[in-house]
Number of protein chains: 2
Amino acid sequence: MLIFIEPESEKPIYQQIRDQIVEGIARGELLPGTGLPSIRQLAADFGINLHTVNKAYELLERQGFLQVRRKTGAVVQPSGRLAEDWEARLSTLLAEALAQGLPAEEIVGRCQRVLAALTDRERPSGSCAQQAGERGEKPDKP
Amino acid sequence: MLIFIEPESEKPIYQQIRDQIVEGIARGELLPGTGLPSIRQLAADFGINLHTVNKAYELLERQGFLQVRRKTGAVVQPSGRLAEDWEARLSTLLAEALAQGLPAEEIVGRCQRVLAALTDRERPSGSCAQQAGERGEKPDKP
DNA sequence: TATTTGCTATATAATTGATATAACAAATAG
DNA sequence: CTATTTGTTATATCAATTATATAGCAAATA
């Protein structure tokens with residue numbers, strides 16, 4: 001499971017981390033019970049601040065994707081509960097396509113394709129987090 | 001076509017305006033060629049600043065939903081072009097449902113229901129913008 | 001010509017995103 | 001038990017974003 005950070009993106013870093021972990025769970029690369037790297041570890045790998053990763057984990061816990069414990073770290077544990085505003089967000093997104101003239105069937109087709117791409121098993125999980133910056137940072141901490 | 005502003009929402013006001021206009025277009029309440037209220041008019045109706053409405057209109061124009069002219073004001077004119085990152089955003093949203101254990105067919109069903117709700121004609125458009133604040137503000141401008 | 005309108009330019013204040021230190025508390029490893 | 005790792009909390013700083021407040025300019029219209 002690789003995570004790529006784009007520091008120049010308009011999407012906040014903590015949101016990028018959240019989204020990619022959610023996708024990892026959806027893909028089945030992060031199964032329930034899987035342990036995630038520690039906050040400090042991820043922050044070091046990405047070369048970003050501890051609090052940025054913490055914010056992502058905190059968000060994922062509040063939204064019911066993880067459970068965070070003391071020494072154990074974050075563990076994948078979906079609650080089975082969809083966010084209350086999920087359908088509202090879906091409506092906004094689908095409306096965007098309708099407004100641009102895409103037929104409803106075409107939109108449904110795209111949803112099915114995206115879902116198929118996510119549920120398409122074939123992918124043996126590698127289970128490591130990876131830096132996305134183009135410059136090779138020296139791994140300190142001797 | 002009514003627009004409701006929730007000043008306390010975590011979603012920025014200009015984004016609320018954008019989303020609701022996009023939904024209005026999707027619903028067919030705002031047909032191509034329809035003129036929208038002037039920036040100053042909408043701002044006065046909502047009791048918000050001119051620039052906030054301007055930002056929403058500017059965004060809608062950049063994303064290909066409106067064309068804005070001098071004295072004519074904003075006119076609904078979808079470009080037919082979906083945003084490049086639309087599928088990526090869809091993937092993130094659908095992944096959220098998959099990660100919480102919803103079966104793919106259930107998700108597709110929800111997409112179809114949301115689309116049906118949007119394309120369900122029945123709704124004669126009223127064509128006016130409306131304040132959402134619960135307190136009746138005095139309409140100044142003497 | 002006078003008004004309306006979009007547009008631009010500042011300026012200010014509150015909030016958010018990200019970083020930087022520092023310290024505390026709980027769980028684990030030795 | 002001791003030392004380390006880990007999540008957590010508390011500050012502080014800086015930049016960008018969100019929203020507001022004025023002000024003025026230019027184009028289109030009546």
Side-chain angles (χ1 to χ4, degrees), chain A residues 3-21 34-63 65-77 129 131-133 137 139-142, chain B residues 3-21 34-62 65-77 129 131-133 137 140-142:
Chain A
I3 295 182
F4 289 94
I5 299 299
E6 293 183 80
E8 300 307 319
S9 168
E10 54 182 324
K11 184 190 287 187
I13 296 177
Y14 76 93
Q15 189 76 41
Q16 295 182 40
I17 297 174
R18 188 220 87 122
D19 289 349
Q20 292 185 47
I21 289 180
T34 307
L36 294 179
S38 75
I39 288 174
R40 285 175 173 86
Q41 185 62 54
L42 257 198
D45 289 348
F46 293 145
I48 62 178
N49 193 270
L50 170 160
H51 290 97
T52 306
V53 180
N54 187 47
K55 193 167 183 176
Y57 276 23
E58 191 186 351
L59 192 58
L60 285 161
E61 186 175 37
R62 247 193 307 131
Q63 296 175 338
F65 294 104
L66 305 180
Q67 279 194 0
V68 185
R69 274 183 255 274
R70 273 288 161 180
K71 186 77 174 182
T72 324
V75 175
V76 174
Q77 201 57 253
Q131 164 79 295
E137 302 290 337
D140 33 30
K141 277 283 172 51
Chain B
I3 295 183
F4 289 94
I5 299 300
E6 293 183 82
E8 300 307 319
S9 167
E10 55 181 324
K11 185 190 286 188
I13 297 178
Y14 77 93
Q15 189 75 40
Q16 294 182 41
I17 297 175
R18 188 219 88 123
D19 289 350
Q20 292 185 47
I21 289 180
T34 306
L36 293 178
S38 75
I39 289 175
R40 286 175 173 86
Q41 185 61 53
L42 257 196
D45 290 349
F46 293 144
I48 61 178
N49 192 271
L50 170 159
H51 290 99
T52 306
V53 180
N54 186 48
K55 193 166 184 179
Y57 277 22
E58 191 186 351
L59 192 58
L60 284 161
E61 186 176 36
R62 245 193 308 132
F65 295 103
L66 304 180
Q67 279 194 359
V68 185
R69 273 183 255 274
R70 273 287 162 182
K71 185 78 173 183
T72 324
V75 175
V76 176
Q77 200 59 252
Q131 165 78 295
E137 301 291 336
D140 32 31
K141 277 279 175 57

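Excluded from the calculations below are hydrogen atoms, water molecules and symmetry mates; all remaining heavy atoms, backbone and side chain alike, are included.
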### Query
Considering only heavy atoms from C-beta outward, does the side chain of B:V68 approach that of B:I39 to under 4.5 Å?
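B:V68 vs B:I39: side chains apart.
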
### Query
About how many Å separate CD of B:Q16 and CD1 of B:I3, when rounded to the nearest 0.5 Å?
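If we round to the nearest 0.5 Å, B:I3:CD1 and B:Q16:CD are 10.5 Å apart.
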
### Task
Could you tell me whether the side chain of A:I48 reaches within less than 4.5 Å of the side chain of A:V53, counting heavy atoms only?
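A side-chain contact exists here, since the closest heavy-atom pair is under 4.5 Å.
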
### Query
Quick one: is A:T72 getting a side-chain N or O under 4.0 Å of the C:dA27 phosphate, OP1 or OP2?
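It does not, given that no N or O in the side chain of A:T72 lies less than 4.0 Å from OP1 or OP2 of C:dA27.
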
### Task
Write down the distance between CZ (B:F46) and C1' (D:dT20), rounded to a whole number of angstrom.
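Spelled out: CZ on B:F46 to C1' on D:dT20 is 17 Å.
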
#### Entry: Rounded distance in Å - CG (B:L42) to C1' (C:dT4)
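In whole Å, C:dT4 C1' and B:L42 CG are 15 Å from each other.
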
### Query
How many Å lie between CD on A:E58 and P on C:dG17, as a whole number?
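Answer to the nearest Å: 12 Å.
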
### Query
Does A:K55 put a side-chain nitrogen or oxygen below 4.0 Å from OP1 or OP2 of C:dG17?
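For A:K55, the contact criterion (side-chain N or O under 4.0 Å from OP1 or OP2 of C:dG17) is met.
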
### Task
Can you tell me the distance, in whole Å, between the CD atom of B:E8 and the P atom of C:dA14?
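Interatomic distance, CD of B:E8 to P of C:dA14: 15 Å.
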
### Task
Starting at atom CG of B:N49, determine the distance to atom P of C:dT12, rounded to an integer number of angstrom.
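Spelled out: CG on B:N49 to P on C:dT12 is 16 Å.
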
### Task
Measure the distance from OH on B:Y57 to C1' on C:dG6 and round it to the nearest whole Å.
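From B:Y57 OH to C:dG6 C1': 12 Å.
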
### Task
Would you kindly give the CG-to-P distance between A:L59 and D:dT8, to the nearest whole Å?
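Computing the A:L59:CG to D:dT8:P distance gives 14 Å.
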
### Under 4.0 angstrom between A:Y14 side-chain N/O and C:dG17 OP1 or OP2
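Answer is yes, contact under 4.0 Å.
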
### Query
Starting at the 5' end of DNA chain C, which residue's closest nucleotide do you reach first, A:L50 or B:V68?
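Looking at the nearest nucleotide for each, B:V68 comes out on the 5' side.
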
### Message
Would A:I13 and A:K55 count as a side-chain contact (heavy atoms from CB on, under 4.5 Å) here? Give the steps.
### Response
CA-CA 10 Å; A:I13 296 177; A:K55 193 167 183 176; over 6 Å; no

### Message
Quick check: on DNA chain D, is the nucleotide nearest B:R40 upstream (toward 5') of the one nearest B:I48, or the reverse? Name the residue that is more 5'.
### Response
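On the 5' side of the pair lies B:I48.
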
### Task
Return the nearest nucleotide to the side chain of B:R70; candidates are D:dG7, D:dA19, C:dC7.
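My answer, after comparing the listed nucleotides, is C:dC7.
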
### Message
Check the phosphate of C:dG6 against B:K71, side-chain N and O only, distance under 4.0 Å to OP1 or OP2. Yes or no?
### Response
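B:K71 to C:dG6 OP1/OP2: no side-chain N or O under 4.0 Å.
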
### Query
Could you walk me through whether B:I17 and B:F46 pass the side-chain contact (heavy atoms from CB on, under 4.5 Å) check?
CA-CA 11 Å; B:I17 297 175; B:F46 293 144; 4.3 Å; yes

### Query
What about B:H51, does its side chain sit under 3.5 Å from the base of D:dT18 through a donor-acceptor pair?
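No pair found.
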
### Pairwise side-chain contact, A:L66 with A:V76, heavy-atom cut-off 4.5 Å (strictly under)
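Side chain of A:L66 against side chain of A:V76, heavy atoms only: contact under 4.5 Å found.
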
### Message
Without decimals, in angstroms, what is the distance between B:I39 CD1 and C:dG6 P?
### Response
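The distance from CD1 of B:I39 to P of C:dG6 comes to 5 Å, rounded to the nearest Å.
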
### Query
Between B:S38 and C:dT4, is there a side-chain N or O to OP1/OP2 distance below 4.0 Å?
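False: B:S38 side-chain N/O out of range (4.0 Å or more) of C:dT4 OP1/OP2.
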
### Query
Axis-to-axis angle across the helix from C:dT1-D:dA30 to C:dG30-D:dC1, five pairs an end, to 10 degrees?
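Here the local axes at opposite ends form an angle of 30°.
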
### Message
Between B:F65 and B:L59, does the side-chain contact (heavy atoms from CB on, under 4.5 Å) criterion hold? Intermediate values first, please.
### Response
CA-CA 9 Å; B:F65 295 103; B:L59 192 58; over 6 Å; no

